[in-house]
Amino acid sequence: MKTLSVLGSTGSIGTQTLEIVREFPERFKVVALTAGNNLDLLVDQILEHQPEVVALADGERVGELRQRLEALEPGLRPARPPELLGGGDGLCAAAAWPTADLVVTGIVGCAGLLPTLAAIRAGKDLALANKETLIAAGPVVLPELEASGSRLLPADSEHSALFQCLQGTPWADTARLSTGVPTPGLRRIQLTASGGAFRDWDAADLVKATVADATSHPNWSMGRKITVDSATLMNKGLEVIEAHYLFGLDYDHIEIVIHPQSIIHSMVELADSSVLAQLGWPDMKLPILYCLSWPQRIDTPWPRLDLTQVGQLTFRKPDRAKYPCMELAYAAGRAGGTMPAAMNAANEEAVALFLEERIHFLAIPRLIEQVCDRHRVDLHPTPSLDDVLATDAWARRAVREAAAAPVGSVPVGLLPR
Ligand code: NAD
Ligand code: MG
């Protein structure tokens, strides 16, 4: 029986993790849950999984959660009421919960950084979905992993694919992925990308892109932020940096290939030129399950891949002009230090403004580029946690200010919709 702390339990990753627990109750048990503000769903999850602790990001709503649990019919209340915590300290306490073996990081954005560090400092193994944490704070997170001995298991489907492929090499003891040291024998990584919501659009038509367009992904059902990141291809850019930190390869050896069917989840090229790929239907439950069961495989009744049903697997190079975020991410990764933190925060903020319909889709890369240009003079090459947090806060402010102010002759915030 493996015990889990599920951070961001009400989100896409969180709910899929809980589906796995429901499906394999003899193998997995939830001891801690954290959530943003979907109390209705959280109450259902508490009743089903009976965790020992529950933490709400918004500390002021803990009282409301307690009242809701107390208002239940006596027969419906949890047999043992969970400890209820709130705010940043509460999230960190749930992430470091003593009885948890593995922490699933399903919080979206850099908000996951401090809880992730708390889990690492408590020596927990992690199923890493919350990529923004590693991207913003790789230089801080990697030494902490090294010091604590925590293992970082990638839940992102591409990195799970790479990890799974490497299990088949003589260097299979690469579970300590986390050190940023080059993985022996690994020559090149190819990250596959579906191409997102606009993969079949002409670049010239993106000027008409709406929030509804950008949030309808052709292959994957995910949270809104990552779905927009897929439409800009920033998600793949973030994954390039994630792969750099996880597998230690330099950026010249991490490539992106558009693969519209999302059947090959990524590929490794080894020293002898052999290429290994991992395949499956596009379903996040598989990479999440592998984190939970690693190094074992669990027998599942899930739909089995039938390539004759898929018919064709196709590949093409990504269009740089259509997806400027991709280049911005490579540049930020190469600059290193706090630059990925600045870029990540600028992206989070720009995507939030886009989802609020305050800026146009095309303003997202422009705002990120501006912030990264401005950050160059303040870049910390070997940042502390405080440097990362300060950069994150500065970049968010910078985006909000730039979106409100005219840039050149075209006000970014008022680009034609
Ligand atoms: P989501 O928006 O569906 O869920 C996010 C969760 O985090 C929710 O439980 C929400 O309440 C919580 N949350 C939001 N803001 C918070 C805050 N400030 N503090 C604490 N908790 C907060 O997001 P998602 O799609 O599940 O993505 C979660 C993470 O997993 C992201 O980093 C994403 O990049 C990564 N990821 C997701 C998928 C996917 O299929 N959804 C695939 C690969 C990687
Ligand atoms: Mg991914």
Side-chain angles (χ1 to χ4, degrees), residues 5-19 33-42 45 54-59 61 65 85-92 94-95 103-116 118 126-136 153-163 189 191-196 215 217 219-230 233-243 246 256 259 262 264-266 278 280 282-288 291 344-345 347-349 351-352 355 392 396:
S5 170
V6 183
L7 312 183
S9 67
T10 53
S12 164
I13 291 289
T15 51
Q16 292 182 86
T17 303
L18 296 182
E19 277 173 37
L33 294 175
T34 83
N37 48 26
N38 184 346
L39 289 198
D40 291 341
L41 180 55
L42 183 59
Q45 293 179 342
V54 176
L56 267 184
D58 181 354
R61 297 193 70 192
L65 177 61
L85 305 173
D89 290 346
L91 297 180
C92 289
V103 180
V104 181
T105 67
I107 292 176
V108 60
C110 203
L113 172 55
L114 296 179
T116 302
L126 284 101
L128 180 89
N130 176 224
K131 66 189 91 180
E132 294 92 342
T133 283
L134 188 60
I135 286 143
L153 300 157
D156 213 350
S157 58
E158 297 75 5
H159 306 74
S160 172
L162 301 169
F163 181 50
I189 284 173
L191 293 173
T192 50
S194 68
T215 50
H217 196 285
N219 299 0
W220 299 91
S221 161
M222 310 183 285
R224 277 159 71 81
K225 187 259 178 186
I226 186 175
T227 305
V228 176
D229 285 349
S230 300
L233 233 69
M234 177 54 94
N235 183 48
K236 214 49 56 179
L238 296 175
E239 289 179 357
V240 166
I241 303 175
E242 185 182 9
L246 286 173
I256 297 173
H259 167 45
S262 296
I264 291 187
H265 296 310
S266 281
Q278 185 262 337
D283 182 345
M284 281 304 294
K285 277 186 9 189
L286 191 50
I288 297 171
C291 289
N344 174 68
N347 179 59
E348 284 189 30
E349 213 56 35
V351 170
L355 287 170
D392 178 273
R396 286 169 197 276

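Keep in mind that this is a model prediction, so the values were computed, not measured. First listed ligand is number 1; within each ligand, the first listed atom is number 1.
Once rounded to the nearest 0.5 Å, the distance linking CG of L114 with OG1 of T133 reads 8.5 Å. With rounding to the nearest 0.5 angstrom, the CG atom of L238 is 8.5 Å from the CD atom of E242. Annotation: the span from L85 atom CG to L91 atom CG amounts to 9.0 Å, rounded to 0.5 Å. Distance check: H259 NE2 to I264 CD1 gives 5.0 Å after rounding to the nearest 0.5 Å.
Salt-bridge check for E158 with K131: failed, with every basic side-chain N at 4.0 Å or more from each acidic carboxylate O.
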### Task
Test V228 against L355 for side-chain contact (heavy atoms from CB on, under 4.5 Å), laying out the working first.
CA-CA 9 Å; V228 176; L355 287 170; 3.8 Å; yes
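Contact detail for T227 and G223: the closest heavy-atom pair is OG1-O, 2.6 Å. When all heavy atoms are compared, the tightest approach of G280 to H265 is O-NE2, 2.9 Å. Closest heavy-atom contact between Q16 and S221: NE2-O, 4.5 Å.
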One pair per line, please: each N/O atom of ligand 1 matched with every protein N/O atom under 3.5 Å away, atom names first, then the distance to 0.1 Å.
residue, atom, partner, partner atom, Å
ligand 1, 3 (O), S12, N, 2.9
ligand 1, 9 (O), G8, O, 3.2
ligand 1, 9 (O), T10, N, 3.3
ligand 1, 9 (O), T10, OG1, 2.8
ligand 1, 9 (O), G11, N, 3.1
ligand 1, 11 (O), T10, OG1, 3.3
ligand 1, 11 (O), G36, N, 2.7
ligand 1, 25 (O), G223, N, 2.8
ligand 1, 26 (O), S12, N, 3.1
ligand 1, 26 (O), I13, N, 2.9
ligand 1, 30 (O), A129, O, 3.4
ligand 1, 32 (O), E132, OE1, 2.6
ligand 1, 41 (N), S12, OG, 2.9

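The count of protein N, O or S atoms under 2.8 Å from the Mg ion (ligand 2) stands at 3, with waters excluded from the count.
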